[in-house]
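Here, residue 1 is the first one in the sequence, and each next residue gets the next number. Whatever order the structure lists ligands and atoms in, that order sets their numbers, starting from 1.
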Amino acid sequence: MAILVTGGAGYIGSHTCVELLNEGYEIIVLDNLSNSNDEALRRVKEITGKQFKAYTADLLDKKHVSDVFSENKIDSVIHFAGLKAVGESVSDPLRYFKNNITGTIILCEVMQQYGVKKLVFSSSATVYGASGNVPITEETHLGATNPYGRTKQMIEEILQDVYRSDQEWSIALLRYFNPIGAHKTGRIGEDPNGIPNNLLPYISQVAVGKRQQLQVFGNDYPTRDGTGVRDYIHVVDLATGHIKALKKIQSANGVDAYNLGTGKGYSVLEMINAFEKATNQKIPYRMEERRPGDAAICYANPLKAKKQLGWQPIRDIDAMCEDTWRWQYNNPNGYEKVSELNKDSNYPVQQHAADFLSS
Ligand code: NAD
Ligand code: UD1
């Protein structure tokens, strides 16, 4: 029996595929590659030394999704596939509602048709909005403030209703805080399209020389140093959270939301410092106005996931920055092409990655 991973070629999906394969799961990936590159899947195979089937398919294409279920014995689904850029969701909300919500409905219809009722869903801390009450528990009031966030909140509600209608379903709603970092080999990582919106991809592109300087959005927040505070979590810790959630949904029916965060908050300036330490170089930055819609401070209370899933993140902020940097340095243009510059590099972290691969 296999685990279907929708969006498995993406940032979090590819890291979760590695952890699933390392744990001995059989996986099948379904991804339309709209925001990813199949090179990521090739590298997942390279890292793990394991093979798996991957379908280039769109969740909106019901026939294709049904074919994937009819051709394989699928036990459970981890559902990452979705669009995730907040700004784009504001300018093109219909695309976001169609892709994320209709895509999820089609997936659930096909799952129901094939009697597959175990689902781990990628939600987001964005469902809590920007109220600023911290730490955030799963009971904190929901109030997404943009179309992207509303797709997540609506999908959570749809999945609650699906369970209410049929209690054979078993669903975990995983609310991620701020995923950063990369696999320690430096072979897979986050590969944003165009100008990055999120802090760490932007800082690392400044560090690698692709962008001149970071803009710090606001230094007048009521925080330690005036800059925004977030709960950054290593993507590999996030990936192991999915395996714990998968085990939980195998053992009990129901629908439950879990915060996946570390419970610690770091400011933008603290992240710049941590990144400077990891890279041993200065990150130029300038202060700018606040970014509309940003909360001052956001971090999780992750106790429910610890108690009920037996999950705890183990990688600290230094590891998050070192791993982000190893990925960025070795792949300055993401999956598009490996830099000529780095081909003969004796950069120590690349060496480390080579050691890891051969061990
Ligand atoms: P990503 O864009 O790297 O991965 C998403 C994948 O889904 C991509 O490979 C894309 O090609 C695929 N996809 C999109 N629409 C599809 C469709 N209709 N059919 C098939 N494939 C489709 O994003 P990510 O960072 O890996 O995020 C994974 C999930 O986690 C998303 O649902 C995202 O909203 C959620 N999430 C991400 C973050 C974050 O900061 N990265 C935070 C909270 C929640
Ligand atoms: C953003 C999204 C959120 C999404 C999350 C994870 C917005 C309004 N929110 O949240 O929906 O769930 O990413 O993908 O886009 N910062 C800078 N300069 C930059 C970029 C960011 O100073 O160039 C600051 C931000 O103001 C914030 C912190 O860094 O204080 C983190 O920003 P970011 O990585 O975008 O994450 P979120 O704001 O948490």
Open item on the list: Looking only at distances, can you tell me whether any N or O atom of R230, backbone or side chain, sits closer than 3.5 Å to an N or O atom of ligand 2?
Closed with: yes

Open item on the list: If you measure every N or O of Y11 against every N or O of ligand 1, does any of those distances drop under 3.5 Å?
Closed with: yes

Open item on the list: So, regarding N178 and ligand 2 (criterion: nitrogen or oxygen to nitrogen or oxygen, under 3.5 Å), is there a contact or not?
Closed with: yes

TODO: Using distance alone, determine whether S123 and ligand 1 share an N or O pair under 3.5 Å.
DONE: no

Open item on the list: Which option wins on minimum heavy-atom distance to atom 39 (C) of ligand 1: P192, G10, P179?
Closed with: P179

Open item on the list: Applying a heavy-atom cut-off of 4.0 Å, say which part of N99 lies close to ligand 1: side chain, backbone, both or neither.
Closed with: side chain

Task: Centroid-centroid distance, F121 to W169, less than 6.0 Å - done: no

Task: Contact check: P292 vs ligand 2, nitrogen or oxygen atoms, below 3.5 angstrom - done: no

TODO: Consider ligand 2: state whether an atom of it lies below 4.0 angstrom from any non-hydrogen atom of Y266.
DONE: no

Task: Region of A125 that comes within reach of ligand 1 [heavy atoms, distance under 4.0 Å] - done: neither

Open item on the list: When you measure from the heavy atoms of G149 to every atom of ligand 2, does any distance fall below 4.0 Å?
Closed with: no

Open item on the list: Using a plain distance cutoff, I'd like to know if F217 has any nitrogen or oxygen under 3.5 Å from a nitrogen or oxygen of ligand 2.
Closed with: yes

Open item on the list: I'd like to know if E190 pairs up with K84 as an ion pair, taking the criterion as any Lys NZ or Arg NE/NH1/NH2 lying under 4.0 Å from an Asp or Glu carboxylate oxygen.
Closed with: yes

Open item on the list: Counting only heavy atoms, tell me which of G228, A144, A130 gets closest to atom 30 (O) of ligand 2.
Closed with: G228

Open item on the list: Any carboxylate oxygen within less than 4.0 angstrom of a Lys/Arg side-chain nitrogen, looking at E71 and K53?
Closed with: no

- [ ] Counting heavy atoms only, name the option from A40, G13, A81, S89 that's nearest to atom 7 (O) of ligand 1.
- [x] A81

- [ ] Examine K152 against ligand 1 and note whether any of their N/O atoms are separated by less than 3.5 Å.
- [x] yes

Task: Backbone or side-chain N or O of Y148 under 3.5 Å from ligand 2 N or O - done: no

